[in-house]
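Below is one structure; the comments refer to it alone.
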Amino acid sequence: MPDAIAYISRDTDGVLWKKTLEAALGPLDFRTLDALGDKADIEVALAWKPPAGLIASFPNVKMIVSLGMGVDHLLADDKLPAGVPITRIMDDGLVGQMSEYAIYWALRHHRDIDKYAASQRAKQWKVEDFIDTIHRRIGILGLGTIGQDTAKKIAALGFPTAGWSRTQKTLPGIETFHGPDGLGRLLARSDILVNVLPLTRDTKGLLDARLFAVLPKGAYLINMARGGHVVDEALLAALDSGHLSGAALDVFNTEPLPPEHRYWTHPKVQVTPHIAGATNPRTASPGVIENIKNLRAGKPLINTVDAKSGY
């Protein structure tokens, strides 16, 4: 019976995942990308950005686990074996990190910290006009686990907060919009726009010139979802024209961000290297452990993904 677990990632060595899983499940046949051995032994693939076609080469794989809460990196492989369930991690630690990232950049923009930093460098004692919190409207694109947590925490700070999702959702204290008509309404009332949408066929390139034009003049963008949501040329044009006042970007169409890219040196752009939320095996492993047990006991899996919708 195949029972090996393949850890497929170039970002980390998997040592902490192995230690965490073995503490709960006992000794494991745990294999890494550089030492997969006989691929017929592999039962579970823990994967982050696997090489195209690799998982299809595991003839007996029974479960694919995304090592991130997003699964677009898996669904980009058109050779994924049909019928093998895809599951994703649910990581409270990662969710908290993501909301912290959004809150930090929202507050930094709201309180004009970059302007004060420039004044300090110029040795100028200059007080900026302040916009009251109750007049700084924040919109969240995506009301999944991360989006809901982010919206609730931002609303608790006193900002008028709204969120948009593909289908209708209700959150106490949060104005919600849904569907194509609701998207325009959400954008028109968002002085700060936070993107946490999953990357799907429907959302790829969503943040384009038409979308930016609907935002109020001077709006600020925080993108901590996927770089594929953004049409880079459109964002740069909106920043250059002054329609958007700035952007905090953690994710990019090409990662690492090429040295020649304008984002690095643009005065209105803040760049971070895809660190808004990092998977921590200690907080992400419970669902994975439960699914391995369920798989081996023939029980239903949790946190499964609909490949058609992309989440």
Side-chain angles (χ1 to χ4, degrees), residues 9-12 48-49 67-70 72-73 76 93-122 128 136 138-142 146-147 150 153-154 187 190-199 203-209 211-212 215 217-280:
S9 174
R10 290 292 185 190
D11 290 355
T12 58
W48 176 251
K49 297 182 179 180
L67 288 169
M69 292 183 69
D72 52 288
H73 65 102
L94 185 150
V95 171
Q97 292 175 52
M98 297 288 283
S99 59
E100 290 167 2
Y101 186 92
I103 291 167
Y104 170 79
W105 288 109
L107 288 175
R108 177 166 166 159
H109 172 67
H110 173 59
R111 293 307 305 265
D112 296 310
I113 299 304
D114 289 326
K115 292 179 181 178
Y116 287 118
S119 293
Q120 179 180 350
R121 289 191 295 271
E128 302 290 342
R136 183 82 77 176
I138 298 183
I140 313 293
L141 286 178
I146 295 170
T150 301
K153 290 175 178 175
I154 286 176
L187 295 171
S190 296
D191 302 309
I192 297 175
L193 182 68
V194 181
N195 179 39
V196 285
L197 286 167
L199 184 62
T203 63
K204 183 175 176 60
L206 180 67
L207 277 66
D208 61 6
L211 182 145
F212 295 139
L215 290 168
K217 182 174 174 56
Y220 188 85
L221 173 67
I222 300 169
N223 186 23
M224 56 182 193
R226 289 290 187 266
H229 289 122
V230 177
V231 177
D232 291 332
E233 297 79 6
L235 176 54
L236 288 165
L239 292 166
D240 290 341
S241 72
H243 184 69
L244 295 186
S245 60
L249 307 176
D250 185 56
V251 287
F252 305 91
N253 277 289
T254 301
E255 294 182 4
L257 185 65
E260 67 275 10
H261 203 288
R262 282 190 66 203
Y263 286 151
W264 284 116
T265 55
H266 199 289
K268 295 182 180 179
V269 174
Q270 303 286 347
V271 170
T272 53
H274 204 140
I275 50 77
T279 300
N280 183 336

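Values in this document were obtained by computation on a predicted structure and should not be read as measured data.
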Quick check for you: to the nearest 0.5 Å, what is the distance between R262 atom CZ and E233 atom CD?
10.5 Å
Can you find a heavy atom in the side chain of R226 that is under 4.5 Å from one in the side chain of P198?
no
Minimum heavy-atom distance T279-L67, with the two atoms named:
OG1-O, 2.9 Å
Pairing donors with acceptors under 3.5 angstrom, does anything connect the side chains of D250 and H274?
no
Name the orientation class of the two ring planes belonging to W48 and H73 (parallel below 30°, tilted from 30 to 60°, perpendicular beyond 60°).
tilted
Counterpart residues, side chain to side chain donor-acceptor pair (under 3.5 Å), relative to R111 (two or more places apart):
none
Could you tell me which non-hydrogen atom of M98 sits nearest to which non-hydrogen atom of I146, and how far apart they are?
CB-CG2, 3.6 Å
Stepwise, does the side chain to side chain contact (heavy atoms under 4.5 Å, CB included) test hold for I113 with W105?
CA-CA 10 Å; I113 299 304; W105 288 109; over 6 Å; no
Show your reasoning for whether side chain to side chain donor-acceptor pair (under 3.5 Å) applies to Y101 and T150.
CA-CA 9 Å; Y101 186 92; T150 301; over 6 Å; no
Keeping D232 on the side-chain end and A234 on the backbone end, is there a donor-acceptor pair under 3.5 Å?
no
State whether K217 and D191 are salt-bridged, where the test is any N-O pair (Lys NZ or Arg NE/NH1/NH2 against Asp/Glu carboxylate O) under 4.0 Å.
no
Kindly compute the distance separating OG1 (T254) from NE2 (H261), expressed to the nearest 0.5 Å.
7.0 Å
Under the salt bridge (Lys or Arg N to Asp or Glu O under 4.0 Å) test, residues paired with D11 that sit two or more places apart
none
Residues L141, V194; criterion side chain to side chain contact (heavy atoms under 4.5 Å, CB included); working and verdict:
CA-CA 6 Å; L141 286 178; V194 181; over 6 Å; no
Nearest-0.5 Å distance that lies between atom CG in D114 and atom CZ in R108
4.0 Å
Distance check, rounded to the nearest 0.5 Å: I192 atom CD1 versus I138 atom CD1?
4.0 Å
Flag, side chain of Q97 to backbone of A278, donor-acceptor distance under 3.5 Å:
yes
Which of these, L221, L211, L207, V269, sits in a side-chain contact (heavy atoms from CB on, under 4.5 Å) with L235?
L221
Distance alone, cut at 3.5 Å: any donor-acceptor contact between the side chains of H266 and D240?
yes
Can you find a heavy atom in the side chain of H109 that is under 4.5 Å from one in the side chain of R136?
yes
With V231 as reference, evaluate L206, D208, N253 under the side-chain contact (heavy atoms from CB on, under 4.5 Å) test and give the passing residue.
D208
Tell me whether the count of non-hydrogen atoms from other residues, nucleotides or ligands lying under 6.0 Å of CD in Q120 goes above 12.
no
Shortest non-hydrogen contact from Q270 toward Y220
CG-OH, 4.2 Å
With heavy-atom distances below 4.5 Å as the criterion, would you say the side chains of L193 and I222 are in contact?
no
All heavy atoms of G218 vs all of S245, minimum pair found to be O-OG, 2.8 Å
For the atom pair CG (L249) and CE (M224), what is the distance rounded to the nearest 0.5 Å?
12.5 Å
Taking the side chain as C-beta and beyond, is there a heavy-atom pair between I154 and I140 under 4.5 Å?
yes
For G139 versus S190, what's the shortest heavy-atom pair and its separation?
CA-OG, 3.4 Å
Could you grab the distance from atom NZ of K268 to atom OH of Y263, nearest 0.5 Å is fine?
14.0 Å
Under 3.5 Å donor-acceptor, W264 side chain and P258 backbone
yes
